[in-house]
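Just so you know, residue 1 is the first one in the sequence shown, and it goes up from there.
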Amino acid sequence: QVQLVESGGGLVQAGGSLRLSCEASGSIFSINAMGWYRQAPGKQRELVATIISGRSTNYADSVKGRFTISRDNAKNTAYLQMNSLKPEDTAVYYCNVKVQLSADATLYMYWGRGTQVTVSS
């Protein structure tokens, strides 16, 4: 019912930048929160950044000061601006959303399929 499409991944050199986008589509009543997670080879998926409807944000310590999450409510889209990238940032990045599907207050979580970010040394 809800689909997330990530884009913007790719290969960059250390110190470079990328901007990821996540567009949510479907019968969404409202979006409570959007966020980004990442999973490196052999590692568990970890939270990178989240943003709620009131624009409050949270960041993993490893990316704070380098990454910025933002949200365009009109487009149901979240962005992750990644600056000063490091090889350790190499991972598949996944978008998630918490949404209401109706006027009922129940929240549901959905995941995108992920986009690869590779940072070379």
**Message:** So does S84 get a backbone contact from the side chain of R66, meaning a donor-acceptor N/O pair under 3.5 Å?
**Reply:** yes
**Prompt:** To the nearest 0.5 Å, how far apart are SG in C22 and OH in Y93?
**Reply:** 14.5 Å
**Prompt:** Same cluster or not: are Y79 and I31 linked, directly or through other Ile, Leu, Val, Met, Phe, Trp or Tyr residues, by side-chain heavy atoms under 4.5 angstrom apart?
**Reply:** no
**Request:** Answer with yes or no after comparing the ring centroid distance for W111 and Y37 against a 6.0 Å cut-off, counting only values under it.
**Result:** yes
**Item:** E23 and T77 side chains, donor-acceptor separation under 3.5 Å
**Value:** no
**Prompt:** Are any side-chain N or O atoms of E6 and backbone N or O atoms of C95, one a donor and one an acceptor, separated by less than 3.5 Å?
**Reply:** yes
**Message:** Applying salt bridge (Lys or Arg N to Asp or Glu O under 4.0 Å), can you list everything that pairs with E46, at least two apart in sequence or on another chain?
**Reply:** R38
**Request:** Establish, for the pair R113 and Y94, whether the NZ or CZ atom is under 6.0 angstrom from the six-membered ring centre and no further than 45 degrees off its axis.
**Result:** no
**Prompt:** How long is the gap from OG on S120 to NZ on K86, to the nearest 0.5 Å?
**Reply:** 15.5 Å
**Asked** Has the side chain of T90 got a donor or acceptor atom that lies under 3.5 Å from a matching backbone atom of V119?
**Response** yes
**Request:** Would you mind telling me which of I69, V63, T68 makes a side-chain contact (heavy atoms from CB on, under 4.5 Å) with L80?
**Result:** I69
**Item:** Interatomic spacing from CZ in F67 to CG in L18 - rounded to 0.5 Å
**Value:** 9.0 Å
**Message:** Distance check, rounded to the nearest 0.5 Å: R19 atom CZ versus S7 atom OG?
**Reply:** 9.5 Å
**Item:** L101 side, atom CG; Y108 side, atom OH - distance, nearest 0.5 Å
**Value:** 6.0 Å
**Asked** CG/L47 to OH/Y59 distance, rounded to the nearest 0.5 angstrom?
**Response** 11.0 Å
**Prompt:** Can you check side chain to side chain contact (heavy atoms under 4.5 Å, CB included) on T115 and L20, steps first, answer last?
**Reply:** CA-CA 8 Å; T115 184; L20 305 183; 4.0 Å; yes
**Request:** Just do the side chain to side chain contact (heavy atoms under 4.5 Å, CB included) check on V99 and L107 with the steps written out, would you?
**Result:** CA-CA 5 Å; V99 303; L107 295 176; over 6 Å; no
**Prompt:** For Q81 and S17, which heavy atoms make the closest approach, and how far apart are they?
**Reply:** NE2-CB, 4.0 Å
**Prompt:** Which atom names give the shortest non-hydrogen contact between N73 and R71, and what distance separates them?
**Reply:** OD1-NE, 2.6 Å
**Asked** With a 3.5 Å cut-off and no angle check, do the side chains of D104 and S102 form a donor-acceptor pair?
**Response** no
**Prompt:** Between L4 and I52, is there a shared hydrophobic cluster once you connect ILVMFWY residues whose side-chain heavy atoms come closer than 4.5 Å?
**Reply:** no
